Chemist: 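Here it is, the structure, as C-alpha cells.
We count residues from 1, following the sequence as given. It should be emphasised that the depicted structure is a prediction, and the values quoted were computed from it without experimental measurement. As a basis for the values below, the full set of heavy atoms in this structure was taken, side chains included, without hydrogen atoms, waters or symmetry mates.
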Amino acid sequence: AAARDRCPLNLIPGPAMLAVAWALKDGADKYGPFNWRTQPIKASNYLAAAERHIKAWQDGERSAPDSGVHHIAHAIAGLMILLDAEACGTLIDDRPPPCRSIQDVR
C-alpha cells in the first residue's frame, strides 16, 4: 500500500533519461548548471526553444547541429526546466492571457 504513494521513477525509459541528461549537460556547459534556479527565466523563451526543437525534428533533423543531442531530448529538457523553475519560484509566467477554448476556433 505504501508503494502506491511513491513516485514511479522506474517508469522513465532509460534511453530517454540519458538523452535528456545530455541535453541538460549541453545547457549546463553553455549557461551553468541549474542556472534557472539562481535567476528568473521567462516561460516564453523555453517554450519557444522547445517548439523549435520539435519542429526541427518534425522536419527530419534528428539532432541539434551544435550539440549532437536529439532534438526531442532538448525539447523535453526545456519543458523540465519550466516545471522546475515553476516549483522553485524562478519562473516568469509571461504567457498571454487566456482565450476562449481552442476547440471553438475554426
Side-chain angles (χ1 to χ4, degrees):
R4 285 184 295 180
D5 295 333
R6 295 191 179 142
C7 184
L9 294 174
N10 61 306
L11 295 178
I12 300 172
M17 184 167 44
L18 294 175
V20 171
W22 284 115
L24 288 166
K25 182 188 181 312
D26 179 60
D29 290 347
K30 291 177 183 173
Y31 310 111
F34 296 96
N35 64 300
W36 64 90
R37 287 188 173 185
T38 59
Q39 56 192 349
I41 61 162
K42 288 184 177 182
S44 60
N45 291 342
Y46 283 79
L47 182 59
E51 289 174 340
R52 284 192 301 273
H53 282 291
I54 290 167
K55 285 297 181 188
W57 179 81
Q58 183 182 28
D59 287 343
E61 187 174 88
R62 182 185 186 278
S63 302
D66 61 336
S67 67
V69 176
H70 201 292
H71 279 298
I72 298 299
H74 274 297
I76 293 168
L79 297 174
M80 289 175 72
I81 288 170
L82 284 174
L83 283 171
D84 196 65
E86 184 179 57
C88 293
T90 55
L91 183 69
I92 299 169
D93 187 351
D94 62 342
R95 292 176 292 176
C99 185
R100 63 186 178 153
S101 173
I102 195 163
Q103 286 81 15
D104 296 336
V105 178
R106 289 207 184 255

Chemist: Tell me, please, which residues at least two apart from W36 pass side chain to side chain donor-acceptor pair (under 3.5 Å).
Modeler: D84
Chemist: Are any side-chain N or O atoms of H71 and backbone N or O atoms of R62, one a donor and one an acceptor, separated by less than 3.5 Å?
Modeler: no
Chemist: Work out which heavy atom in L91 is nearest to a heavy atom in K42; give both atom names and the distance.
Modeler: CD1-C, 4.5 Å
Chemist: If you take all heavy atoms of H74 and D26, which pair is closest and at what distance?
Modeler: CE1-OD2, 3.4 Å
Chemist: Thinking salt bridges, do D29 and K25 make one under a 4.0 Å N-O criterion?
Modeler: yes
Chemist: For H70 and W57, take the angle between the two ring planes, folded into 0 to 90°, and tell me which bin it lands in: parallel under 30, tilted 30 to 60, perpendicular over 60.
Modeler: tilted
Chemist: Could you pull out the closest heavy-atom pair between L82 and A43, with the gap in Å?
Modeler: CD2-CA, 3.7 Å
Chemist: According to a hydrophobic-cluster definition based on side-chain heavy atoms being under 4.5 Å apart (Ile, Leu, Val, Met, Phe, Trp, Tyr only), do I76 and L47 belong together?
Modeler: no
Chemist: Do you know the tightest heavy-atom contact between V20 and M80?
Modeler: CG1-SD, 3.5 Å
Chemist: Taking all heavy atoms of A77 and all of A23, pick out the closest pair and write down the distance.
Modeler: CB-CB, 3.9 Å
Chemist: For a quick test of reading the model, state the closest non-hydrogen atom pair linking A19 to V69 and the distance between them.
Modeler: O-CG1, 3.8 Å
Chemist: Is the side chain of D94 donor-acceptor paired with the backbone N or O of S44 at a distance under 3.5 Å, no angle test?
Modeler: yes
